[in-house]
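Bear in mind that the values here come from a model prediction, so they are computed numbers and not experimental data.
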Amino acid sequence: MIIVVYHNINATRKLEEFAKIAFGFDVDLLVISKPTGTAAQMGVPEIHKEAFKRGKNVLIVGDLPDAIEVVQPDEIYTITKFGEPANWEGLRERSKEKKVMFIFGGTEPGLSKKEIEMGTPINVKWEIGELGELAILLHELKR
């Protein structure tokens, strides 16, 4: 089971694009953690509407600990430039057998040190932004 978390996002457009990619790759659950500003006011309702139309699952939570408490994943990975390169074969197998959560930061410079430590840090392809990284991650997991 693949669970994707978008944490601390404040831009409506980025939130909508992130959701479009997640829905396009049929993630099992999209979690939006700590949305702020226009992303919370305008983006969240749009995502809910799109998720309903497509029959997708979306969860909105106040912060990362809430997401972890509610979802109770078996494994957690934080996407960061400080992580080891992703082991695609291993991640692919684990995501078929377990509830695996992948956490992306929504604002520059990404996740804080404390947030990174909530999971195992992995590096997908840093410096292309979270939208590109999400697309690469999901493409590799769905192969």
Side-chain angles (χ1 to χ4, degrees), residues 1-48 50-51 54-143:
M1 177 180 207
I2 299 172
I3 302 143
V4 175
V5 180
Y6 203 19
H7 176 67
N8 196 23
I9 180 65
N10 59 16
T12 300
R13 187 76 179 142
K14 282 177 77 174
L15 177 57
E16 290 172 348
E17 290 298 319
F18 193 92
K20 183 186 285 186
I21 294 167
F23 295 157
F25 279 98
D26 287 325
V27 298
D28 298 297
L29 176 62
L30 172 61
V31 179
I32 308 303
S33 168
K34 196 178 173 185
T36 59
T38 59
Q41 295 169 353
M42 296 169 28
V44 168
E46 281 301 311
I47 286 173
H48 269 285
E50 192 63 29
R54 294 181 178 214
K56 304 296 181 187
N57 297 310
V58 175
L59 173 66
I60 312 299
V61 294
D63 212 343
L64 284 177
D66 298 330
I68 294 167
E69 177 188 338
V70 171
V71 176
Q72 297 185 340
D74 298 313
E75 295 184 15
I76 302 170
Y77 295 92
T78 51
I79 310 304
T80 173
K81 69 179 178 181
F82 304 110
E84 294 295 318
N87 172 354
W88 297 118
E89 190 172 312
L91 288 172
R92 220 174 279 122
E93 288 303 312
R94 286 192 292 284
S95 67
K96 290 177 185 172
E97 301 167 359
K98 300 178 177 186
K99 287 198 299 189
V100 182
M101 178 181 276
F102 298 92
I103 302 172
F104 291 79
T107 56
E108 289 297 326
L111 299 170
S112 70
K113 184 178 181 192
K114 183 179 176 185
E115 292 162 350
I116 290 170
E117 292 171 350
M118 291 182 171
T120 302
I122 59 172
N123 183 333
V124 172
K125 180 76 174 163
W126 192 254
E127 304 297 332
I128 63 168
E130 65 272 17
L131 299 177
E133 291 170 344
L134 174 65
I136 290 171
L137 173 83
L138 295 176
H139 172 76
E140 290 293 335
L141 293 177
K142 297 288 184 165
R143 288 172 52 142

I76 versus T120: any side-chain heavy-atom pair under 4.5 Å? no
Show, in sequence, the C-alpha distance, side-chain angles and deciding distance for I2 and L141, and conclude whether the side-chain contact (heavy atoms from CB on, under 4.5 Å) test is met. CA-CA 9 Å; I2 299 172; L141 293 177; 3.9 Å; yes
Flag the pair T80 / N123 as yes when at least one side-chain heavy-atom distance between them is below 4.5 Å, and no otherwise. no
Minimal heavy-atom distance between A40 and P35, with the atoms involved, is CB-O, 3.6 Å
Is the shortest side-chain heavy-atom distance between I116 and K113 below 4.5 Å? no
Strictly below 4.0 Å, N to O, side chains only: are K56 and E50 in salt-bridge contact? no
Closest contact, heavy atoms only, S33 versus L64: OG-N, 3.2 Å
Decide yes or no for L138 and V27: does some side-chain heavy atom of the first lie under 4.5 Å from some side-chain heavy atom of the second? yes
Between the NZ atom in K34 and the OG1 atom in T107, the distance rounded to the nearest 0.5 Å is 8.0 Å
I79 vs I103, side-chain contact (heavy atoms from CB on, under 4.5 Å): CA-CA, chis, key distance, verdict: CA-CA 6 Å; I79 310 304; I103 302 172; over 6 Å; no
What closest approach, in Å, do T78 and L111 show between heavy atoms, and which atom pair accounts for it? CB-CD1, 3.8 Å
Before we go on, tell me: are the rings of F102 and Y77 under 6.0 Å apart, centre to centre? yes
Under 4.5 Å between any side-chain heavy atoms of F104 and N8, yes or no? no
Between I9 and K14, is there a side-chain heavy-atom distance shorter than 4.5 Å? yes
Count the heavy atoms belonging to other residues, nucleotides or ligands that lie under 6.0 Å from CD of E97, then report whether that count exceeds 12. yes
Do E133 and K125 sit within salt-bridge range, that is, some charged N less than 4.0 Å from a carboxylate O? no
Dump the intermediate steps for side-chain contact (heavy atoms from CB on, under 4.5 Å) on E140 and R92, then the final yes or no. CA-CA 8 Å; E140 290 293 335; R92 220 174 279 122; 3.3 Å; yes
Considering all heavy atoms of both residues, which atom of L131 and which atom of I21 are nearest to each other, and what is their separation? O-CD1, 3.6 Å
Closer than 4.0 angstrom, basic N to acidic O: yes or no for R13 and E17? yes
Side chain to side chain, V31 and I3, heavy atoms closer than 4.5 Å: yes
Can you tell me how far apart NE2 (H7) and CD (E115) are? Round to the nearest 0.5 Å. 3.5 Å
Test side-chain contact (heavy atoms from CB on, under 4.5 Å) on D28 and N57; report intermediate values, then the result. CA-CA 7 Å; D28 298 297; N57 297 310; 5.9 Å; no
Indicate yes or no: at least one non-hydrogen side-chain atom of I68 is less than 4.5 angstrom from one of M118. yes
Considering residues, nucleotides and ligands other than K142, do more than 12 of their heavy atoms fall under 6.0 Å from its NZ? yes
Shortest non-hydrogen contact between R54 and K20, atoms and distance: NH1-O, 4.4 Å
